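A short write-up of the structure that comes next.
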Amino acid sequence: MLKKSTTTPIIDLEPQPSNNKSNNKYKHERKVTKIVLSKRSLTNKKFRTLFKGVNMNNNNISIESLYSDYWTELNLDDTINPKEVAGLYNDFMDKLQVLTQFCDVKKIKYREDNNQYYVYVNRKQFTANSKRLLIDKLYDAYCQEAYTLEQAYTDWMLWRRDIGTAPKTLQENANEWKRYIQNSKLSCMMLINIDNTVLEDFYYSITKNFAIDNKRLTNINSVLNGIFKRCISQKHISHNPLRDLDMSVFRKRCKPRNTNKDNYTLEERKSILDYLAPKDDIYSLAISLSMYLCLRIGELLAIRPEDIYDGVLHLNRSMRMVQYMNDDLSFAHTVVTNDERIKGNKDSGFREIPLTPKALEIIARIRTLYPDNEYLLMNNGKQLIGDTFNEHLRKACNDLHIKYRSSHQIRFTVATMLYENGVPITQLSHLLGHSDTNTTWHYIRQSKPDNATMETMQAVLD
């Protein structure tokens, strides 16, 4: 709130050149003149002249009376210009818009005997010396503390947890918030004060010097979009300010993302299988089995012995590592779940995968060595998890002096091998559990040109 003062305000004016010959010396000068206006001299006509062209977003309220309300609260040591008053006016209208969701401002009345405005809300009386001050008092009572972006974020996250949003998604959103939004000035701003100008400054700051890539930008957009959409549905705001931004401007400021993750070569895959073949520990057997399948790691680790019959693996579930969110937005310890659903919640996730003789041989060894396991891949009565699987994969690669790639790259490797050896893309899409082939094409990472390709290029191009 600006300081109170009883001094007469000074308003910036830029006088037009005069037609009077006696004032010709000012004809080409555009300097700012400070004109002192008292309350009495600020008539409607003069006010309209001063503020001609200033954008007032609602003409139903008298801007003259509003300016009069703010008169004693402006910091009159500084120069006041029409845009400043317009800003005060528009802030007032934003407050009024939010306040109408909590009480009927049309019921505000004026009491002449003591020169006060008043209204009853839930049997409680609120009074003030001006309508504008009464609106401010009501806003502070019902809205002031509930609508910073940070508080809206908290409500949004708790609501999504309660409607069953995946904990992994919540954690990803929380990470984006903490890393990019929480410590920005955007976080503590009142929601109604966040407009496209404020958002532009925020996006320019996070994309400065190509600091983030397009995927990160998309993730941040998802968080802010989600908050604004929820606030619109709850009638805290009426418009999503992100819709006023041209995001292509900021995408051009993002650094390119290196997606050239290479697969295991045929030679590397064979070296790993040969190295693990004589080993009977469950991790070696699990890694070997993964080399004959194209499963997500959660699907592999959730296989039960009864899922395999007639030479076919019937996929019905997937393991998830879940951290449930608490009321204070912290996350509890990781819990392992096995859900009767596959990633993406698509029917295509439930599928049947033919098993090769080598795959069946590995499965038979596992069932012989570990006959009492509830799940196919268990160690000391507990399911294997992705992190420890990858730790053992990394060790094998280090022992063989092979570049380590995660379990997910094994899935890419098998998919590419099958495609390069003639498996149709539609069939491959089914094996991978994709609902469309566009996703499957992303998994095909063909090897570098071989000798046959080089010979063809020479024959055609030379």
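A quick note: this is a predicted structure, and the numbers were derived from the prediction, not measured.
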Using a 3.5 Å distance criterion without hydrogens, assess whether the side chain of [X] forms a donor-acceptor pair with backbone atoms of [Y].
X: T148; Y: M190; result: no
X: D436; Y: T439; result: yes
X: S429; Y: I425; result: no
X: N390; Y: G386; result: yes
X: T165; Y: R161; result: no
X: T388; Y: I385; result: yes
X: K137; Y: T127; result: yes
X: T207; Y: F210; result: no

Take N263 and T416 through the side chain to side chain donor-acceptor pair (under 3.5 Å) test and state the conclusion after the steps.
-> CA-CA 8 Å; N263 297 336; T416 301; 3.1 Å; yes

More than 12 non-hydrogen atoms from neighbouring residues, nucleotides or ligands closer than 6.0 Å to CZ on R111, yes or no?
->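 Yes, the 6.0 Å shell around CZ holds more than 12 heavy atoms from other groups.
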
Could you tell me whether D113 atom CG has more than 12 heavy atoms of other residues or ligands within 6.0 Å of it?
-> yes

Salt-bridged, [X] to [Y], with N to O below 4.0 Å?
X: E299; Y: R351; result: yes
X: R405; Y: D262; result: yes
X: R320; Y: D339; result: yes

Return the minimal non-hydrogen interatomic distance between [X] and [Y], and the atom names on each side.
X: D328; Y: S330; result: OD1-OG, 2.6 Å
X: Y264; Y: C397; result: OH-SG, 3.6 Å
X: L295; Y: I353; result: CD2-CD1, 3.3 Å
X: M319; Y: M321; result: SD-SD, 4.2 Å
X: R230; Y: W159; result: NH2-CD1, 3.2 Å
X: F350; Y: E340; result: CZ-O, 3.4 Å

Taking only residues at least two apart or on different chains, which pairs with a member in residues 169-185 satisfy salt bridge (charged side-chain N to carboxylate O under 4.0 Å, His left out)?
-> E176-R216

Selection residues 186-196 - residue pairs positive for salt bridge (charged side-chain N to carboxylate O under 4.0 Å, His left out), sequence neighbours left out |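 Qualifying pairs, neighbours excluded: none.
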
Could you walk me through whether T426 and T440 pass the side-chain contact (heavy atoms from CB on, under 4.5 Å) test, one step at a time?
-> CA-CA 9 Å; T426 51; T440 307; over 6 Å; no

Heavy-atom side-chain contact between [X] and [Y] under 4.5 Å:
X: L377; Y: L300; value: yes
X: D104; Y: V121; value: no
X: I220; Y: I212; value: yes
X: T169; Y: R160; value: yes
X: V414; Y: L293; value: no
X: D213; Y: P256; value: no
X: L384; Y: I282; value: yes
X: F412; Y: C294; value: no

What distance separates [X] [atom1] from [Y] [atom2], expressed to the nearest 0.5 Å?
X: S290; Y: L285; atom1: OG; atom2: CG; answer: 11.0 Å
X: L199; Y: R243; atom1: CG; atom2: CZ; answer: 14.0 Å
X: I232; Y: H239; atom1: CD1; atom2: NE2; answer: 7.5 Å
X: Y110; Y: I108; atom1: OH; atom2: CD1; answer: 14.0 Å
X: R394; Y: S407; atom1: CZ; atom2: OG; answer: 11.0 Å
X: L376; Y: L301; atom1: CG; atom2: CG; answer: 10.0 Å

Is there a donor in the side chain of N379 and an acceptor in the side chain of Y370, or the other way round, less than 3.5 Å apart?
-> no

Could you go step by step and tell me if N225 and N240 meet the side chain to side chain donor-acceptor pair (under 3.5 Å) rule?
-> CA-CA 8 Å; N225 252 321; N240 183 348; 2.8 Å; yes

Sequence neighbours left out, what passes side chain to side chain contact (heavy atoms under 4.5 Å, CB included) with V423? Give chain and number order.
->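 Per chain and number, V423 pairs via side chain to side chain contact (heavy atoms under 4.5 Å, CB included) with L418, Q427, L428.
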
Is there a side-chain contact (heavy atoms from CB on, under 4.5 Å) between N221 and M247 once you walk through the steps?
-> CA-CA 9 Å; N221 285 349; M247 293 309 300; 3.4 Å; yes

Given side-chain contact (heavy atoms from CB on, under 4.5 Å), test L158 with L329 step by step and report yes or no.
-> CA-CA 8 Å; L158 292 174; L329 304 194; 3.8 Å; yes

Could you go through the side chain to side chain donor-acceptor pair (under 3.5 Å) check for N338 and Q383 one step at a time?
-> CA-CA 10 Å; N338 291 278; Q383 279 178 273; 2.7 Å; yes

For the pair W156 and Y153, name the ring-plane relationship: parallel under 30°, tilted 30 to 60°, perpendicular over 60°.
->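 W156 vs Y153 ring planes: tilted.
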
Qualifying ring-ring contact (aromatic ring centres under 6.0 Å, His included) pairs with a residue from residues 180-203, counting only residues at least two apart or across chains =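 ring-ring contact (aromatic ring centres under 6.0 Å, His included) check on residues 180-203 returns Y203-F250.
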
Can you name the salt bridge (Lys or Arg N to Asp or Glu O under 4.0 Å) partners of R411, sequence neighbours left out?
->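 Checked R411 against salt bridge (Lys or Arg N to Asp or Glu O under 4.0 Å); zero matches.
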
Apply side-chain contact (heavy atoms from CB on, under 4.5 Å) to the pair R317 and D307, showing each step before the final yes or no.
-> CA-CA 10 Å; R317 73 192 66 80; D307 296 333; 2.5 Å; yes

Between Q182 and E150, does a side chain to side chain donor-acceptor pair (under 3.5 Å) hold up when you go through it step by step?
-> CA-CA 7 Å; Q182 183 174 341; E150 185 169 23; 4.7 Å; no

Considering residues at least two apart in sequence or located in another chain, which fulfil the ring-ring contact (aromatic ring centres under 6.0 Å, His included) criterion with F228?
->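 Testing F228 for ring-ring contact (aromatic ring centres under 6.0 Å, His included), a comparison that skips the adjacent residues, returns none.
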
